[in-house]
Amino acid sequence: VAADLVLFNALMTDLFPGVDPPVVDYGALSEAISASFEKMGLQHSDTLLSKVIQVYESKETRHGNMLVGQAGSGKSTAWKALKDAMCSLHKSGVAKWDNVKHF
């Protein structure tokens with residue numbers, strides 16, 4: 001995937017020369033995800049934090065999501081941490097965040 005990112009960024013530069021992509025600040029979400037890791041008994045990892053934010057971005061831009069990967073790659077951990085973080089933000093009264101229910 002890292003090699004694809006280099007190619008993707010090169011394509012974006014070709015399509016939109018001189019335009020820098022916006023930097024999204026996930027401050028409150030990142031902090032809530034880190035707190036979720038702690039509640040889950042996990043050590044903080046920037047890689048896992050990035051995966052959880054990718055799951056969030058996919059959720060925000062698609063009608064449905066499916067997490068696919070090898071066993072032990074962090075799929076369940078990612079969605080559970082995101083769920084916990086979003087519920088935590090909702091309970092704290094932070095605008096825009098919904099209470100998430102697992103069925």
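Please read these numbers as outputs of a predicted model, since none were measured by experiment. Position 1 is the first residue of the sequence, and the numbers go up from there.
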Measure the [atom1]-[atom2] distance between [X] and [Y] for me, rounded to the nearest 0.5 Å.
{"X": "N9", "Y": "T13", "atom1": "CG", "atom2": "OG1", "answer": "6.5 Å"}
{"X": "K83", "Y": "S36", "atom1": "NZ", "atom2": "OG", "answer": "9.5 Å"}
{"X": "D98", "Y": "L89", "atom1": "CG", "atom2": "CG", "answer": "11.0 Å"}

Hydrophobic clustering (ILVMFWY, side-chain heavy atoms < 4.5 Å, transitive) - are [Y] and [X] grouped together?
{"X": "V68", "Y": "I53", "result": "no"}
{"X": "L11", "Y": "F16", "result": "no"}
{"X": "W97", "Y": "V24", "result": "yes"}
{"X": "F8", "Y": "L15", "result": "yes"}

Quiz item: Which of these, L67, N65, D84, V52, sits in a side-chain contact (heavy atoms from CB on, under 4.5 Å) with W79?
Solution: L67

Shortest non-hydrogen separation from [X] to [Y] and the atoms involved:
{"X": "V100", "Y": "M86", "result": "CG2-CB, 3.9 Å"}
{"X": "Q70", "Y": "K75", "result": "O-NZ, 2.8 Å"}
{"X": "F37", "Y": "A81", "result": "CE2-CB, 3.7 Å"}

Quiz item: Should we count CD of E38 as having more than 12 external heavy atoms under 6.0 Å?
Solution: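 Atom CD in E38 is not crowded, with 12 or fewer foreign heavy atoms closer than 6.0 Å.
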
Could you go through residues 27-35 and list every donor-acceptor pair under 3.5 Å that involves a side-chain atom there, pairing it with any protein atom two or more places apart or in another chain?
unit_1	atom_1	unit_2	atom_2	d
S30	OG	Y26	O	2.9
S34	OG	S30	O	3.1
S34	OG	H44	ND1	3.3

Self-check item: side chain to side chain contact (heavy atoms under 4.5 Å, CB included) partners for S50, two or more places apart
Solution: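 Side chain to side chain contact (heavy atoms under 4.5 Å, CB included) check on S50 returns Q54.
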
